[in-house]
Amino acid sequence: MHKKIVKSIIPTIIIGSVVTSLALSSFLTSTGIDKAEAAAAASSSLSFTAFLKNNAPNRTIKTVHGLNTVTNLSSTVVLVNKQRNLPSSYVPQDLVVPRIPFSFSGPSPKKQMKRVAATALEKLFAAAKKDGIDLKAVSGYRSYATQKAIFERNARNKGEAVANKTSARPGQSEHQTGLSMDISSASVGYALEQSFGNTKEGKWLKANAPKYGFIIRYGKGKEKLTGYSYEPWHVRYVGVYIAGEITRQNLTLEQYLGQSH
């Protein structure tokens with residue numbers, strides 16, 4: 001029993017710790033893990049540290065045709081914002097439709113997500129259903145061209161200044177990564193409104209999304225850091241551990257990744 005308990009906490013230790021191999025190895029062997037397991041755990045810790053370092057904002061950008069363009073396109077922590085653009089030609093290679101309820105019927109590209117995010121979202125929706133929470137997905141993947149049309153429409157209808165706070169310019173949308181989904185509920189007519197955050201469904205999503213690898217990407221009070229208005233409906237997949245750390249520390253993705261240089 002003791003050994004099982006220790007093994008269950010290894011992922012938390014090895015991923016979250018910023019320690020030397022020797023220190024971690026010593027800790028694990030003292031709690032009943034053999035030297036081979038301890039060495040593997042220490043190696044995993046160093047691998048995760050390297051992963052964060054390799055995905056740090058200052059290491060994952062280059063200038064292409066005058067635009068700051070991200071280079072780690074396939075990463076689950078790819079950082080896309082007003083200063084970091086995706087190539088106009090970029091389309092994720094493993095887009096699938098998660099088996100979850102949507103707020104609309106019929107086929108559509110916006111039902112798609114990258115496979116890893118889609119699988120995680122299926123688990124999140126299953127947990128919501130178990131808890132009596134009725135969620136529906138509204139919008140996932142968007143191509144560069146689709147985002148361009150959305151932004152231009154919003155700019156015409158609301159003015160460019162407002163549009164720039166509530167929608168992304170083409171190439172600057174997380175939806176193009178295939179790692180994001182907009183989620184809503186019947187309580188707000190499946191609309192994407194800030195009032196969703198005050199509903200039982202919105203509150204459930206905020207509290208439980210990190211357990212399945214998602215963060216509320218554009219949090220309340222984070223507008224100056226993210227560049228966008230509060231969006232309680234927009235979840236972004238980053239992986240369970242990182243989602244937990246971002247939420248626990250009340251950080252934006254920009255802040256979390258910026259810690260690694």
Side-chain angles (χ1 to χ4, degrees), residues 70 73-76 78-82 85-126 128-129 133-158 163-197 201-202 205 209 212-218 226-238 253:
V70 297
L73 296 172
S74 63
S75 176
T76 53
V78 58
L79 180 61
V80 180
N81 56 32
K82 294 180 187 295
N85 296 264
L86 291 164
S88 60
S89 59
Y90 176 66
V91 178
Q93 296 301 303
D94 57 344
L95 291 172
V96 298
V97 177
R99 292 169 291 183
I100 57 175
F102 286 85
S103 63
F104 60 96
S105 59
S108 171
K110 67 180 183 179
K111 284 187 173 181
Q112 300 178 3
M113 296 185 83
K114 290 191 70 170
R115 186 177 300 277
V116 63
T119 299
L121 197 65
E122 289 173 351
K123 294 177 181 177
L124 184 150
F125 269 67
K129 184 177 180 180
I133 299 297
D134 182 22
L135 299 174
K136 288 190 178 179
V138 178
S139 183
Y141 168 72
R142 295 180 203 149
S143 68
Y144 181 96
T146 297
Q147 191 63 39
K148 183 174 186 292
I150 289 173
F151 184 85
E152 290 177 348
R153 182 179 68 242
N154 288 338
R156 286 195 304 270
N157 295 337
K158 305 174 184 178
N164 200 39
K165 293 180 181 179
T166 58
S167 61
R169 294 179 184 275
Q172 297 176 1
S173 173
E174 282 205 327
H175 287 279
Q176 192 183 342
T177 69
L179 295 168
S180 293
M181 180 66 76
D182 291 337
I183 297 172
S184 193
S185 63
S187 56
V188 291
Y190 301 113
L192 303 180
E193 299 179 350
Q194 291 184 349
S195 59
F196 173 68
E201 295 88 358
L205 183 63
Y212 303 91
F214 293 91
I215 58 172
I216 303 297
R217 178 67 173 93
Y218 306 116
T226 65
Y228 294 100
S229 300
Y230 168 51
E231 295 189 0
W233 62 82
H234 180 109
V235 297
R236 157 67 192 268
Y237 182 79
V238 292
L253 184 58

**Message:** If I compare all heavy atoms of Ile216 with all of Glu231, which pair ends up nearest, and what's the gap?
**Reply:** CG2-O, 3.6 Å
**Where Phe104 and Val138 come nearest, the two heavy atoms and their spacing** = CE2-O, 3.2 Å
**Asked** What heavy-atom pair brings Ala128 and Leu135 nearest, and what distance separates the two atoms?
**Response** CB-CD1, 3.9 Å
**Prompt:** Considering all heavy atoms of both residues, which atom of Leu179 and which atom of Phe214 are nearest to each other, and what is their separation?
**Reply:** O-CE2, 4.4 Å
**Message:** Quick check for you: to the nearest 0.5 Å, what is the distance between Asn154 atom CG and Arg169 atom CZ?
**Reply:** 11.5 Å
What donor-acceptor contacts under 3.5 angstrom involve side-chain atoms of residues 87-100, with partners at least two apart or in another chain?
unit_1	atom_1	unit_2	atom_2	d
Tyr90	OH	Leu73	O	3.3
Gln93	NE2	Val91	O	3.1
Arg99	NE	Glu122	OE2	3.4

**Prompt:** Distance-only, no hydrogens or angles: does the Ser185 side chain make a donor-acceptor pair with backbone N or O of Asp134 under 3.5 Å?
**Reply:** no
**Working for side-chain contact (heavy atoms from CB on, under 4.5 Å), residues Ser187 and Glu201** = CA-CA 8 Å; Ser187 56; Glu201 295 88 358; 3.0 Å; yes
**Message:** Which heavy atom of Tyr230 sits nearest to which heavy atom of Gly197, and what is that distance?
**Reply:** OH-CA, 3.7 Å
**Request:** Looking only at non-hydrogen atoms, find the nearest pair between Tyr228 and Tyr218 and report the distance.
**Result:** CD1-CE2, 3.6 Å
**Request:** In sequence, state the C-alpha distance, the side-chain angles, and the governing distance for Val235 and Leu124, and then conclude on side-chain contact (heavy atoms from CB on, under 4.5 Å).
**Result:** CA-CA 11 Å; Val235 297; Leu124 184 150; 5.8 Å; no
**Asked** Taking it one step at a time, do Val80 and Asn85 satisfy side-chain contact (heavy atoms from CB on, under 4.5 Å)?
**Response** CA-CA 6 Å; Val80 180; Asn85 296 264; over 6 Å; no
**Request:** Determine whether more than 12 heavy atoms belonging to other residues, nucleotides or ligands lie under 6.0 Å from atom NZ of Lys82.
**Result:** yes
**Fill in**
Interatomic distance, CG@Leu79 vs OG1@Thr177, rounded to 0.5 Å, equals 10.5 Å
**Message:** Could you measure the distance from the CE atom of Met181 to the CH2 atom of Trp233? Nearest 0.5 Å is fine.
**Reply:** 15.0 Å
**Request:** Working to the nearest 0.5 Å, report the span between OG1 of Thr226 and CG of Asn81.
**Result:** 9.0 Å
**Prompt:** Which side-chain hydrogen bond (donor to acceptor under 3.5 Å, both in side chains) pairs, counting each pair once, include a residue from residues 135-153, with sequence neighbours left out?
**Reply:** Ser139-Arg142, Arg142-Gln147, Arg142-His175, Arg142-Asp182, Ser143-Thr146, Gln147-Ser173, Lys148-Glu152
**Item:** Non-hydrogen side-chain atoms of Ile183 and Phe125 separated by less than 4.5 Å
**Value:** yes
**Complete:** When rounded to the nearest 0.5 Å, the distance separating NZ of Lys158 from OG1 of Thr166 is 4.0 Å
**Request:** Applying side-chain contact (heavy atoms from CB on, under 4.5 Å), run through Phe151 and Asn164 and close with a yes or a no.
**Result:** CA-CA 8 Å; Phe151 184 85; Asn164 200 39; 4.2 Å; yes
